[in-house]
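Working notes for the structure below.
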Amino acid sequence: MLSDEKIPNNVNLSEDRRLQRALLQWQPKYLDWWKEMGPEGFQDVHQVYLRTAIGVHGQDWAHFDYVKLPEYRWGIFLADPVPDRTIGFGDFMGQPVWQEVPGEFRTPLRRLIVTQGDTEPASVEQQRMLGHSCPSQYDLRNLFQVNVEEGRHLWAMVYLLHSYFGRDGREEAEDLLMRRSGNEDKPRILGAFNYPVTNWLDFYMFTTFTDRDGKYQLLALAESAFDPLSRTTRFMLTEEAHHMFVGETGVGRVLERSAQILTKTKGVAEDVRREGAIDIPTIQKYLNLWFSLSLDLFGGEISSNAATNFAAGLKGRAYERKYEDHMATEGSYPIDLYENDAFRREEVPQRNAMNEMLRDGYIEDCEKVAARWNKILESYGLSDRIKLPHRRFHRNIGVYAGQHFDPEGNPVSDEDWERRKYEWLPSPEDTAYVQNLGSKAVFEPGQIANWIAAPSKGIDGHPFEFEYVRTDG
Ligand code: BYC
């Protein structure tokens, strides 16, 4: 029986019988989905040392304990309301925020919530086989932590759909469990969430770059005039930070292992592979892949959807307060188009360029990550550096889709692209190599695969050697 105790929450679930009933009907379907599409092979006997959200305040918002994955307590938490909060941007700027959905914005708001919600189960589906190739117990635990929290983020969006969108919302909540990442007939909504994540380098890049899109989209939704969406996404950001930590430190440790080998052999990329680790040029190709896939998640550079969402107060910009002009009705934003073999700068009305502005902040954030990775290489005395590709590189959405650019952003012909693409993106051989490293999965506490450096510390004050995953009996 679903009760307050069974769904940890701070939304007075026990006092809302209608919502309780709706969630009661959805919960078993969610669990069926989790058992079918969640981490493969780790559902029954494994107990995982996991963080579970139990509130939204200070240090006490989560607690750590061993739990079997299907028994994780997925809860519903909203950040505390901001007293007298008013709308911070768009046509309704200064008016009180909404506690209900205005009829005229029902469809676009539902669409935003569904799109956000769809990414959460998608990522769990993409990562479901990774447990079998893990480089350490510590990493295995982090994978599952990310997975259960994406599950909780799905709950967060389903809570909004059930609470505020009536029958349509309930139907959408069901559909969120029906689509499948990479399935041709019923794919997930956004491109990157249908792309296979088949090895741990994919996973670390995904959690660095794709989860970071999550950060920026959640920041933009946290500005929403629809207060329940704002409060829900604000709390989701707390969990998102750990996912990006897993990604950034994961890639950092792969780079570090490479650097250790290069300094030892005073050698070249081939030595790294000969020693069974991942060479820097291959790491760069995976970076190019996941950064570009994630750039697409911001939508088109010139977007009337984005303009409508901003005007209506549904979705703002990340850190909206840092802007002086919250109306964005005047002035323009320059976008470089490539047409008839030449670049042409188009001045786009600001509201139509909201996706691009959000992407700018994201790229700036990613630059900082790349700089921190390069510090690792520098600390080993290496001159090798990794670099973000240009925003035009390998794009499938927006004004650069259907054209080819190299990682510096220079146009390349279709023929040159075909000839050179595996200089820039993982080739089938690269993928086979990286994939094969996972055939020697490491499950013993304190052990680490040869292709990655151990982390500098463990989780929740425990050392790396701690038994983060144990089996019954
Ligand atoms: N793939 O006006 P446009 C996360 C569609 S990640 C496929 O250019 P718009 C997480 C678009 O739907 C964060 N289709 O863009 C991370 C539209 O279709 P319709 C997820 C795409 O609408 C890791 C058409 O192209 N949250 O949380 O302004 C693990 C024209 O669209 C794509 C959100 O995305 C694409 N990449 O912006 C777990 C926030 N891009 O209407 C979780 C909510 C665009 O013509 N979503 N299209 O049929 C949004 O704000 C917007 O939907 C988007 C698109 C920013 C995604």
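Just follow the structure's listing: the first ligand is 1, and inside any ligand the first atom is 1. Residues take their numbers from the sequence shown, with the count starting at 1.
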* Heavy-atom side-chain contact between Glu172 and Phe165 under 4.5 Å -> no
* Within the 4.0 Å heavy-atom sphere of ligand 1, strictly under, residues -> Arg111, Leu112, Thr115, Gln116, Thr119, Glu120, Ser123, Glu150, Ile189, Leu190, Gly191, Phe193, Phe206, Thr210, Asp211, Asp213, Gly214, Gln217, Asp296, Leu297, Phe298, Gly299, Gly300, Ser303, Asn305, Ala306, Lys315, Asn355, Ile397
* Asked: Name the one of Tyr164, Trp98, Phe226 that satisfies ring-ring contact (aromatic ring centres under 6.0 Å, His included) with Phe105?
  -> Trp98
* Go through the side-chain N and O atoms of Gln27 and Trp155 and say whether any donor and acceptor fall under 3.5 Å apart. => no
* Do Arg141 and Gln137 meet the criterion of a side-chain donor-acceptor pair at a distance under 3.5 Å? -> no
* Just wondering, more than 12 heavy atoms not from Met178 lying within 6.0 Å of its CE? -> no
* Asked: Do Phe89 and Glu223 touch side chain to side chain, with heavy atoms closer than 4.5 Å?
  -> yes
